[in-house]
Engineer: 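Quick one: this structure, given as structure tokens, is what I'll be asking you about.
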Amino acid sequence: MSLLTNDFFNQDATLVAPAILGAQIFHKTSSGQLKSGIIVETEAYMPQDPACHAAKGLTKRTAPMFEEGGMCYVYLIYGMYYCMNIVTGPKGSGQAVLIRALELPHNSITPFAASGPGKLCRYLEITKEHNGLRFCKENSLWLELSQTIDINLIKKSTRIGISQGKENLWRYYIKNNQYVSKTKRNAFVQ
DNA sequence: CACAAGATTCCG
DNA sequence: GGAATCTTGTGC
């Protein structure tokens, strides 16, 4: 088992996104409860990418994306759901990986409660308060890698819910994994 | 200050 | 297919 740290996140989002499939994300909540799940679906957002929040430059909202890789970037979408990202690349770069789905223990009461970017934040109890935190045990929010997913089991597709940058195959997920989020439309799959 | 859009989810 | 719901960025 290895703790994922800044060194690892200091690489491009297109490299980090597939590499953290199979990693376990942990959040120790303010009430002391330990929440966790295995990452099974991610998306990469790159600096020159029209779908990336940081592509239009530094704003108050996107400031965490321009920090050194390893920071948590949380934003509210549609006024209702939080989405959680891991900032990647060197300081000033402006890129991140969106966590889209977690696999929960098969015997859990609600096994699919983390299948979708909004749902997994609700499950892990991630809110705006976690925006700008670094992933590390001291901040009660961290990632551990204890398995590598076979390259043949990693599928790529177009990203979900975006209106620009549709040509990039920057969504990554574990093949045949039932916890991957359900998409309204069939994204193009490679 | 007004307004439109948004990396979603759930219901009918 | 469409509504819910509200923050953020932009433009006048």
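Please read all numbers here as calculations on a predicted model, not as lab measurements. A note on names: the letters A, B, ... follow the listed sequences, proteins ahead of strands, and every chain is numbered from 1.
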Engineer: Please examine the side chains of A:Y173 and A:V40, heavy atoms only from C-beta on, and report whether any two atoms are closer than 4.5 Å.
Structural biologist: no

Engineer: Round to the nearest Å and state the distance from A:I160 atom CD1 to B:dT9 atom C1'.
Structural biologist: 14 Å

Engineer: So that I can compare with my own list, what are the stems of DNA chain C, taken as at least three consecutive Watson-Crick or G-U pairs with distances under 3.5 Å?
Structural biologist: B:1-6 with C:6-11, B:8-11 with C:1-4

Engineer: Roughly how many Å is it from NZ in A:K128 to P in C:dT7, rounded to a whole number?
Structural biologist: 9 Å

Engineer: Under the criterion side chain to side chain donor-acceptor pair (under 3.5 Å), I'd like the reasoning laid out for A:R171 against A:S157: C-alpha separation, chi angles, the key distance, then a yes or no.
Structural biologist: CA-CA 5 Å; A:R171 171 175 175 248; A:S157 86; 3.0 Å; yes

Engineer: For atom NZ of A:K35, decide whether the heavy atoms of other residues, nucleotides or ligands shown that lie under 6.0 angstrom number more than 12.
Structural biologist: yes

Engineer: Please tell me whether A:W142 and A:F135 form a close aromatic pair, meaning their ring centres lie under 6.0 Å apart.
Structural biologist: no

Engineer: In residues 57-72 of chain A, what residues come within less than 4.0 Å of DNA chain B, judged by heavy atoms?
Structural biologist: A:M65

Engineer: Please evaluate the base of B:dA7 for a donor-acceptor partner in the side chain of A:Y75 within a cut-off of under 3.5 Å?
Structural biologist: yes

Engineer: Just how far, in rounded Å, is P of B:dT9 from CG of A:L76?
Structural biologist: 12 Å

Engineer: If you count every heavy atom of other residues, nucleotides or ligands that lies below 6.0 Å from A:I151 atom CD1, does the total exceed 12?
Structural biologist: no

Engineer: Round to a whole Å and report the spacing from NZ of A:K182 to P of B:dC11.
Structural biologist: 17 Å

Engineer: Starting at atom CG of A:N168, determine the distance to atom P of B:dA7, rounded to an integer number of angstrom.
Structural biologist: 15 Å

Engineer: With salt bridge (Lys or Arg N to Asp or Glu O under 4.0 Å) as the rule and sequence neighbours excluded, what pairs involving residues 54-79 of chain A come up?
Structural biologist: A:E67-A:K91

Engineer: Does the separation of the ring centres of A:Y123 and A:H27 fall below 6.0 angstrom?
Structural biologist: no

Engineer: Could you work out which one of B:dA7, C:dT7, B:dC10 sits closest to the side chain of A:N85?
Structural biologist: B:dA7

Engineer: Quick check on A:E144: does its CD atom have over 12 non-hydrogen neighbours (other residues, nucleotides or ligands) under 6.0 Å away?
Structural biologist: yes

Engineer: May I ask you to say what A:L98 touches in the nucleic acid, namely base, sugar-phosphate or nothing, with a heavy-atom cut-off under 4.0 Å?
Structural biologist: base

Engineer: Identify which nucleotide among B:dA7, C:dT5, B:dC10 has an atom closest to any side-chain atom of A:M80, counting heavy atoms from C-beta outward.
Structural biologist: C:dT5

Engineer: Would you please confirm or rule out a distance under 4.0 Å between OP1 or OP2 of B:dG6 and any side-chain N or O of A:K56?
Structural biologist: no

Engineer: What is the distance, to the nearest angstrom, from the OH atom on A:Y78 to the P atom on C:dT7?
Structural biologist: 16 Å

Engineer: Answer with base, sugar-phosphate or nothing: what part of the nucleic acid does A:S163 contact at a heavy-atom distance below 4.0 Å?
Structural biologist: sugar-phosphate

Engineer: Compute the centroid of each ring, for A:Y75 and then for A:Y82, and state whether the two points are separated by less than 6.0 Å.
Structural biologist: no

Engineer: Quickly work out the A:E43 CD to B:dA7 P distance and round it to whole Å.
Structural biologist: 10 Å

Engineer: In whole Å, I'd like the distance from the OH atom of A:Y172 to the C1' atom of B:dA7.
Structural biologist: 15 Å

